[in-house]
Structures are given as structure tokens and as C-alpha cells.
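Okay, structure first, notes after.
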Amino acid sequence: MINHARLLGRFLRYVQIDTTAQDGSTTYPSSPGQLVLGKLLADELREMGLKGVEHDAHGLVWATVPATAKQQADRPLPVVAVNAHLDTSPETTGKNVKPHVIRNYAGGNIPLAGDASNTIRMADNPELSRLIGKTLITTDGTTLLGADDKAGVAVIMELVHTLIEHPQLPHGPVRILFTCDEEIGHGIDHVDLAKLGATVAYTLDGQGACEIDTETFSADLATVTVRGVNIHPSIGKGRMVNALRAAAVFIDRLPKTELSPESTDGRDGFLHPYTIEGGVAAVKVKVLLRDFDTEQLTTQADLLRKAAREVVAKIPGCQIDVHIAKQYRNMATGLAKEPRAVANAQEAFHRLKRECRLTIVRGGTDGSQLTERGLPTPNLSTGEHNPHSPLEWTCLEEMTAAVEHLVELVKVWAEK
Ligand SMILES: [Zn+2]
């Protein structure tokens, strides 16, 4: 039922538009390419025959596939929203992406034509051994691919086309939402939940195939400001208090062999000092606080404050302020309030006779924030591998599987 060639064509078209998010930009979206891709998608949705397609002032694309199922007397059909983001990560350039299609993958390492130092190795990508004979898409090694999240965009566009071509498939209203600047933490800044009007949403931004991300980290950001006393070093004796030294001692007191990204995986959280700037007078250190258990963030903040007190005691004259800002919360709490969000996604896999896994994300998704705001939003696999890297690749059959799953999922929601 899914048109493979058309899905591949879409993906290749979308990744060649540079939508790299630009951190620190003063505009929204942060880069003009996101508007170019948004307009292209809005036009394609209109060409498919959708009415009321909107490419809004912030560059978000909104559309609805009307219901085909009969409304039951006792309840309205739930509205299912599907979301993907238009931007790509600023960590690797997305300019001049030259996608390389490998048909009937024979197995083995995949050298990338544009950069001899970049090879996709089977040893680092064990999932490749399951994909022999499939169609893979890689970069030429000089850019990222942008399957994060243009695989999600292409999957959603192909879902729409499939539903329109097969009006006999019974489903409720399906809301389409493409967002901007997810990679720099602003994916849902301009998402109005009342306007979306959905019962449930799914982000199509997950790795591999057949996974449902049902938990994310809970996250806070600590900004630690260390203040010293600056004075000309020639007369510094007994008077100078060097904030750099104090900051170095502070960072040294943070856990290293536990509670750090370098030493944890699975369900274990961490404290991650990731940026430092300043001089003798003042230094700012930013620290990520992460755990699946939201209450642990308080323990982590206490640990930072304790380290700050110890440094102040050790280096007289310095001051340290620890400021904690909330970022996002584990979606598990919000998903529990609408059990159908995950159960229906599992049921759709079950009907397709596919094994699925419930997985956890050691990070956040736009779904973490949407869920916290009251819209339950698990994340679904969409064929992403090695995101944010020149070694990024995707698999056409995994993208196709994601479309098939969505078709089944909207049918399940019309029934349950
Ligand atoms: Zn993404």
C-alpha cells in the first residue's frame, strides 16, 4: 500500500534543503531554510487535496486529514496529531547534503565518498547486520544527512498521501504539525494546544524501527556564578581572589566516576558541566541536571550547593551562586493519564505482527514538553541512525514500516 519510490523521492528532496538551526539567532525560525522547506510541504499538502493548510507566521505547518470513520453516537472521534521537526542539528552542517542511496545493501562497512576518514562501520552499527538487502541512505561524509528529522517529515507526508489515496481506511481527524528549531530547544514555543485540538500526539523522531519512547529524562539547568576579586596582578598579594581558580576547584568537586555522562547509562542520571566562560572577576559554569526520577533533580541541586559551600570555605573572598532553572519533565507521568497513547501504538504494532519495544530516551523530546502541557506525546521510531553526525544514515524499509505503523495507529484510534 505504501509507495516506496515516492517516499524515497520525498526524503531525498527534503534533505537537500539546508535547514540547520542556528543557535543564538534573533529570528524565529532561526534559519531561512526552515521557511523554504515549510512552504514546500504546505504546497505539497495542498496538491494532495488538503483544505485549510497553514504555513504560519512562525514557519510552523498545520494541516488536517479529515475523518473517514463514522463517529460513534456516544463519543466524538479522537483527534490524533503527528509531528516532526523541520530543522537539523547545528552540530554538523546541513548545507549541500549529497544523499547517497545504496540499494540492496550487501553488508560490510560503508565508506563515504566525500571524506575518506569517515566510514560507517558494522562494528559500531550492529543493526546493519539486520538490514542486508535493504535500501540505505547515507551522506557523502561531509555533512549530516538530516534524517533527524526529515525521515519523520517524509513519513508523515507519505502517511497523508496514503490516507488520501485510500479513503476506505477508517480513521478520525489526523492533525499534521511540522515545527521549527527543535534542535535548539524551541520546537514548541509557538504551538498552541487549543489550536492543535488533539487528544494525543506522536513525535516521529525516534531511532531505528519498532520502538516507542515512553520516558525521557527530567531536566533542569544550573547556572553557577563564581565571583572573585580582580586587581592588577602586580599588586594582587593578599587582595586578588581568582574566580577561575575557584571555578576549577568547584568543577573538580563534582562527581566523575558516578553521576556523570562519562560513567552512566540506562536509567542512571547525571550532572554534566558543559560550558564555562569568564575571567578573574567572575566565571559562569552551566551544568545539566538529568534523571528519570524528577525528585533526584533536587538531590543533584543540593549536591551543587554543597560543593559551592565547600569551595567558598576553602577560598575566602569568593562567592558562588547556584541558580536552577526548570527545563522539561519525564513524559512517563503525563502518559500515565492517557494510557491509550502507548497502548494504541502497541496495538498497531501487534496488528502488523511486529515486535515492539518500549524504550527510554536519555534526553528530552518535544513530546516531553507537550506531555507536560497536557497533550500525551510518545515518540516513535522513524529510521534515524547516528543523528547529528556525518555518519548519519537511514533505511527506506524502516521509514516505510513507520508509515505502515501510523496507518494502523490512526485506525486503532478510530476504534478505541
Ligand atoms: Zn530530532
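Model, not experiment: these values are computed from the prediction. The analysis underlying the following values was restricted to heavy atoms, covering all of them including side chains, and did not include hydrogens, waters or symmetry mates. Both ligands and their constituent atoms are indexed starting at 1 by order of listing.
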Lys326/Glu372 salt bridge by N-O under 4.0 Å criterion: yes

Residue and atom, protein N/O/S, under 2.8 Å of the Zn ion (ligand 1): His85 NE2, Asp148 OD1, Asp205 OD1, Asp205 OD2

Test item: Ser218 side-chain N/O and Asn330 main-chain N/O as donor-acceptor pair under 3.5 Å: yes

Worked check of side-chain contact (heavy atoms from CB on, under 4.5 Å) between Glu182 and Asp205: CA-CA 11 Å; Glu182 187 265 358; Asp205 197 12; 3.8 Å; yes

Worked check of side-chain hydrogen bond (donor to acceptor under 3.5 Å, both in side chains) between Asn379 and Thr203: CA-CA 5 Å; Asn379 186 38; Thr203 47; 2.8 Å; yes

Show which side-chain atoms of residues 274-282 pair as donor or acceptor with protein atoms under 3.5 Å away, not counting sequence neighbours.
none

Sub-6.0 Å ring centroid separation between Tyr28 and His190: yes

